Amino acid sequence: MSDPNLSAELCSDVLSSSARIVATMGPASFDTLEKTLQYGTIRMNMAFYDSTVHTTWRERIERVRKNGGNRICIMLDAVGPRVKLGKLPADGINLVDGAEFTISTRKDIVADDTIVSTIFEELAKFVKPGEPILLAEGKFRLEVVKVEDGTEVRTKVIHGGLLKKRGINLPKTDLGVPALSDMDREHLTALLKGDTYIDMVALSFVRDTKDVQELRDFLKSLDRPDVRIMSKIETQPAVDNITEIAGISDALMVARGDLWSEVKDPWAMPRLTTAIIRAGNEKGIPVITATQVASSMVNSDIPSRAEVDELYFLMSQGTDCVMGSEEFAIGKYPAETISAFKQVARQIDEARKEETSRKLIEGVTHGPLGLKPSTSTNQYQRQAAINWADNSPRIAVVVTISNMGAAARAVYRQKPHKPLVIVTNNPQTARYLQLFQVWAVLVDYTDDTEPRLVCQMALSKLNLPKEKLPVDENPTALLISNRWLGPNCNILSVEELPYPK
């Protein structure tokens with residue numbers, strides 16, 4: 001199947017792709033979805049799932065897909081272990097420094113300034129005296145004094161204040177509970193079995209590759225092995241195992257809210273964020289950076305200066321997507337938020353163009369974001385081809401063909417400075433590629449179709465005006481394709497082709 005010719009507005013973003021956008025579905029974005037996000041990724045937060053909302057989401061997403069083609073990737077964000085406080089009064093509770101404060105697993109508790117309940121029924125089983133309990137994303141800090149009756153966790157308030165949020169973090173406590181909760185299994189079964197509009201599941205509180213493999217096995221049991229997995233990096237064990245987790249995942253998310261409260265040294269967060277991004281870059285998988293990327297835009301139509309600087313930093317470090325949560329779900333300005341993200345991305349593009357121009361003048365080649373040299377012959381050839389493209393005044397775009405996404409990741413790992421076009425005949429792969437800084441083009445072809453013809457079909461369909469290409473005249477396209485000739489015989493082909501007139 002194929003989309004109609006892509007609009008000029010959408011095509012212009014081929015040259016402005018320094019970060020893609022992940023928008024969270026919510027009340028504020030229901031009515032603006034079709035206008036604000038004709039391509040990209042929509043996050044559906046399963047913490048707010050019920051069958052009525054699900055039906056509404058599905059109807060709207062299907063309508064967007066019909067209007068805009070197969071360019072929307074739908075991601076379910078699994079809840080994971082529900083480690084939260086119980087119900088709080090509307091005006092919050094006051095935690096006083098030095099005071100005793102109890103967290104109880106009993107359900108009959110009415111919260112006040114001395115006690116609150118928790119929906120995590122096993123809290124008293126896991127915490128130990130001396131361990132910290134952080135509340136509201138680390139804003140408030142308690143220390144466990146003792147556990148009584150198997151239900152009451154007595155604590156001392158180390159740093160208090162007015163508490164209105166229910167989040168709990170236990171950075172020194174080994175919970176020993178699975179990342180994929182029973183509620184996640186129930187919801188995913190309802191959403192995925194017999195329904196094909198979900199493309200990806202984000203797994204919360206991943207610690208190691210076993211957690212990821214458990215979800216992959218569960219998806220197979222639902223007869224949905226095609227659903228991709230995004231591992232949310234928000235625990236210290238996940239940071240410690242990041243290389244292995246990246247190797248088994250289809251995408252990574254830097255979930256900075258919980259990660260800040262869970263890591264050993266919160267002040268190392270910028271360094272850890274960069275390390276996680278680099279781990280995804282090394283594997284050629286997309287990395288999403290989330291949490292408070294532009295939280296001021298919930299109530300403002302422009303971001304703060306600090307938010308603009310941080311967005312620029314994240315994009316320059318190699319993050320593939322930035323994710324808005326409350327900015328889209330409950331914010332007053334979802335369309336303006338998308339515009340702000342795009343404006344910062346364009347600044348990164350301009351900086352990269354200037355760098356490429358300087359290197360062309362100086363005759364200096366570059367490596368892809370300082371990635372480790374590859375020991376694979378094919379990957380070494382890809383790296384050489386990308387260097388050639390980036391330093392050629394003729395080559396306007398790099399093109400590769402990928403049915404399931406593996407070939408796309410192999411080329412994407414090199415992070416070419418020239419626009420990267422991925423051609424696929426698989427609608428689900430095209431949607432997965434919305435997380436990458438590429439332009440995915442859906443084309444009808446078979447395994448027997450000549451790669452040159454596939455490339456020409458894709459570029460003609462893309463229909464990008466030559467005056468917008470990053471070369472002066474007579475542009476060409478560099479085609480990197482795999483030719484499978486039989487078992488253990490796979491040849492990498494690199495060809496420079498005329499850009500279609």
Side-chain angles (χ1 to χ4, degrees), residues 2-18 345-368 378 380-402 407-408 410-425 433 436-445 449-483 491-501:
S2 61
D3 294 336
N5 285 336
L6 307 178
S7 71
E9 179 184 358
L10 295 178
C11 284
S12 68
D13 280 338
V14 173
L15 304 182
S16 182
S17 57
S18 290
R346 289 191 179 101
Q347 297 306 312
I348 294 288
D349 290 328
E350 290 302 317
R352 288 178 177 172
K353 287 177 185 177
E354 292 172 2
E355 180 185 9
T356 300
S357 298
R358 177 182 61 80
K359 288 180 177 179
L360 281 172
I361 293 171
E362 297 175 358
V364 179
T365 60
H366 68 85
N378 278 0
Y380 181 82
Q381 291 175 326
R382 291 187 186 96
Q383 183 173 328
I386 295 302
N387 281 339
W388 172 27
D390 283 344
N391 289 281
S392 168
R394 299 187 311 273
I395 297 173
V397 295
V398 177
V399 182
T400 194
I401 302 168
S402 183
V411 175
Y412 187 67
R413 179 183 181 273
Q414 306 303 324
K415 292 286 186 178
H417 287 183
K418 296 289 178 70
L420 177 57
V421 178
I422 309 293
V423 192
T424 184
N425 59 2
L433 291 170
F436 294 69
Q437 293 173 19
V438 304
W439 197 250
V441 184
L442 193 61
V443 172
D444 286 324
Y445 64 87
T449 308
E450 181 67 27
R452 286 188 177 196
L453 177 58
V454 175
C455 176
Q456 294 294 323
M457 292 165 62
L459 293 178
S460 297
K461 185 175 183 180
L462 190 58
N463 195 28
L464 189 67
K466 286 188 178 180
E467 60 268 19
K468 291 190 175 183
L469 297 174
V471 291
D472 293 332
E473 56 183 16
N474 299 321
T476 61
L478 187 70
L479 172 62
I480 303 174
S481 60
N482 287 298
R483 295 174 183 270
I491 296 177
L492 184 73
S493 172
V494 179
E495 304 175 78
E496 187 176 2
L497 305 175
Y499 198 89
K501 297 180 180 180

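Starting from 1, each residue takes its place in the sequence as its number. Keep in mind the model is a prediction, meaning the values are calculated, not measured.
- Here the NZ-CG distance, from Lys415 to Asp390, works out to 12.5 Å after rounding to the nearest 0.5 Å.
- Residues Ile386 and Ile480 have side chains in contact (heavy-atom distance under 4.5 Å, counting atoms from C-beta outward).
- In plain terms, the two heavy atoms of Cys455 and Leu497 that are nearest each other are SG-CD1, 3.9 Å.
- Side chains of Trp388 and Val494 form a contact here, defined as non-hydrogen atoms less than 4.5 Å apart.
- Of the inter-residue distances, the one linking Ile348 atom CD1 with Gln437 atom CD reads 9.5 Å to the nearest 0.5 angstrom.
- Distance alone, capped at 3.5 Å, is enough to place a donor-acceptor pair between the Ser460 side chain and the Gln456 backbone.
- A distance of 8.5 Å separates CZ of Arg452 from CG of Leu479, quoted to the nearest 0.5 Å.
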Test side chain to side chain contact (heavy atoms under 4.5 Å, CB included) on Thr424 and Leu442; report intermediate values, then the result. CA-CA 5 Å; Thr424 184; Leu442 193 61; 4.0 Å; yes
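- To the nearest 0.5 Å, the span separating NZ on Lys418 from CG on Leu478 amounts to 9.5 Å.
- In this structure Leu453 satisfies the side-chain contact (heavy atoms from CB on, under 4.5 Å) test together with Thr449, Glu450, Met457, sequence neighbours excluded.
- With hydrogens and angles ignored, the 3.5 Å screen pairs a side-chain donor or acceptor of Asn425 with a backbone N or O of Tyr445.
- Take Glu496 and apply the side chain to side chain donor-acceptor pair (under 3.5 Å) test, not counting sequence neighbours, and it matches Arg394, Thr476.
- In this structure, the side chain of Lys461 does not engage the main chain of Val441 through any donor-acceptor pair within 3.5 Å.
- Ser481 approaches Pro451 most closely through the heavy-atom pair OG-CB, 3.9 Å.
- Nearest heavy-atom pair, Ala396 versus Pro419, reported as atom, atom and distance to 0.1 Å: O-CD, 3.3 Å.
- Contact of the Tyr412 side chain with the Ile422 side chain is not registered, since no non-hydrogen atoms from C-beta on lie closer than 4.5 Å.
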